[in-house]
**Q** 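Okay, here's the structure, questions in a sec.
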Amino acid sequence: QDLVDKAADMDALMCKLDFALDNMPAWMRPNMNRNVLHLFNEDNRSVIDGCSTTGNAGRGGRRTAFLLDEFAAFKRGDDDAAMASTQVRATLLKRT
């Protein structure tokens, strides 16, 4: 989880997002609610969530898009489980 969201650690993905948002001009920044692993845009009700590199990544949620950053860091077995829980495999099979 620290690799995804750890305050002041620019290796963490959510910290990079915070940096980008904090450095936008005020007129471009949306009204946001930020918690650990969660960013909620109050203006358009969109959500950005982070999750750990486990086989349960994204399980139980409904998302329009999913980014599997550093996919090679998943443990063997968790990689297939993560693809199944995010429906990546189903999407890839439909294209072939």
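Values in this document were obtained by computation on a predicted structure and should not be read as measured data.
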**Q** Who are the side chain to side chain donor-acceptor pair (under 3.5 Å) partners of D43, not counting sequence neighbours?
**A** N31
**Q** Are M10 and V4 grouped together when hydrophobic residues (ILVMFWY) are joined by side-chain heavy atoms under 4.5 angstrom apart?
**A** no
**Q** How far apart are the closest heavy atoms of M14 and I48, and which atoms are they?
**A** CE-O, 4.0 Å
**Q** Quick one: are L39 and V47 in side-chain contact, heavy atoms under 4.5 Å?
**A** no
**Q** Can you name the residues that form a side-chain contact (heavy atoms from CB on, under 4.5 Å) with N33, not counting sequence neighbours?
**A** N35, F40, E42
**Q** N41: which residues meet the side chain to side chain donor-acceptor pair (under 3.5 Å) condition with it, sequence neighbours left out?
**A** N44
**Q** Work out which heavy atom in C15 is nearest to a heavy atom in A8; give both atom names and the distance.
**A** SG-N, 3.8 Å
**Q** Mind checking what makes salt bridge (charged side-chain N to carboxylate O under 4.0 Å, His left out) contact with R29, not counting sequence neighbours?
**A** none
**Q** L21 and V36: same hydrophobic cluster, using ILVMFWY side-chain contacts below 4.5 Å?
**A** yes
**Q** Give me each pair satisfying side-chain hydrogen bond (donor to acceptor under 3.5 Å, both in side chains) with a member in residues 3-22, each pair once, sequence neighbours excluded.
**A** D5-R34, D18-R34
**Q** Can you give me the closest heavy-atom contact between D49 and H38, atom names plus distance?
**A** OD1-ND1, 2.5 Å
